[in-house]
Asker: 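Take this structure first; my questions come after.
We name chains A, B, ... by the order of the sequence lines, and we start the count at 1 in each one.
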Amino acid sequence: DVKVTQSSRYLVKRTGEKVFLECVQDMDHENMFWYRQDPGLGLRLIYFSYDVKMKEKGDIPEGYSVSREKKERFSLILESASTSQTSMYLCASSPQGGPQHFGDGTRLSIL
Amino acid sequence: GESVGLHLPTLSVQEGDNSIINCAYSNSASDYFIWYKQESGKGPQFIIDIRSNMDKRQGQRVTVLLNKTVKHLSLQIAATQPGDSAVYFCAERETNDYKLSFGAGTTVTVRA
């Protein structure tokens, strides 16, 4: 089975903090993705990566950055957290041409 | 812009009956389609996929039908069980694109 693991299920941070969300996949997938999911807005793509050290902006990259130093790990960084970034964050990975597989998400609250 | 959408936001089904969840898409360039299931507090779980060179694909208790003429996708669940209660999303992608476009989701509730 595909396993996408997100480091935290729940996280509470303060406004202005730098926040790191980690994601690891064990299927040697080339592609990795970060989404946020909000009620009424569905899944929105923040960033994705199709190879180590490569990254592409998604639909809502503002306020976020990413890092992919190793194939299995994709990190999402909130440079200076704001309350508008309170959300459910979902990581996914996929092989070339195949379906995306998701982790169970990190519910992030910014106070 | 073009988007993927579902016909109904909610569906109530009697346990043991078959469920049909519908999805309409508008991007004629889409050639790969996926159904996901999301239970409360969990991430979306891959159910089944289908490519545009097929019009039907079957899995365990699930069947996906693709009608490219009317740009319609459906997921059929046989003998619906309480564990099938969840939100179901369709998603689509164009050839050589990495990104998926997701529908809003249909909430399926199974009545005992």
Asker: If we ignore hydrogens and angles and just use 3.5 Å, is the side chain of B:Arg93 paired with the main-chain N or O of A:Pro99 as donor and acceptor?
Answerer: no
Asker: Under a 4.5 Å cut-off applied to non-hydrogen side-chain atoms, are A:Gln96 and B:Tyr98 in contact?
Answerer: yes
Asker: Applying the 4.5 Å side-chain criterion to the ILVMFWY set and letting contacts propagate, would A:Tyr50 and A:Trp34 be lumped into a single cluster?
Answerer: no
Asker: Is there a continuous path of hydrophobic side-chain contacts, each under 4.5 Å between heavy atoms, that joins B:Ile47 to B:Leu11?
Answerer: yes
Asker: Side-chain heavy atoms under 4.5 angstrom apart, residues restricted to Ile, Leu, Val, Met, Phe, Trp, Tyr: same cluster for A:Ile60 and B:Leu100?
Answerer: no
Asker: Work out which heavy atom in A:Leu90 is nearest to a heavy atom in B:Pro44; give both atom names and the distance.
Answerer: CD1-CD, 3.8 Å
Asker: Give the cluster check for B:Met54 versus B:Leu73: same hydrophobic cluster or not, with ILVMFWY residues linked at side-chain heavy-atom distances below 4.5 Å.
Answerer: yes
Asker: Just verifying a value: how many Å separate B:Asp49 CG and A:Gln100 CD, rounded to the nearest 0.5 Å?
Answerer: 12.0 Å
Asker: Is B:Tyr88 reachable from B:Leu65 through a run of I, L, V, M, F, W or Y residues, each pair having side-chain heavy atoms under 4.5 Å apart?
Answerer: no
Asker: Given side chains that start at C-beta, do those of A:Glu56 and B:Lys99 come closer than 4.5 Å, heavy atoms only?
Answerer: no
Asker: Which bit of A:Arg9 is near chain B, if near means a heavy-atom gap under 4.5 Å: side chain, backbone, both or neither?
Answerer: side chain
Asker: Starting at CD of B:Gln45, measure out to CG of A:Asp104 and round the result to the nearest 0.5 Å.
Answerer: 9.5 Å
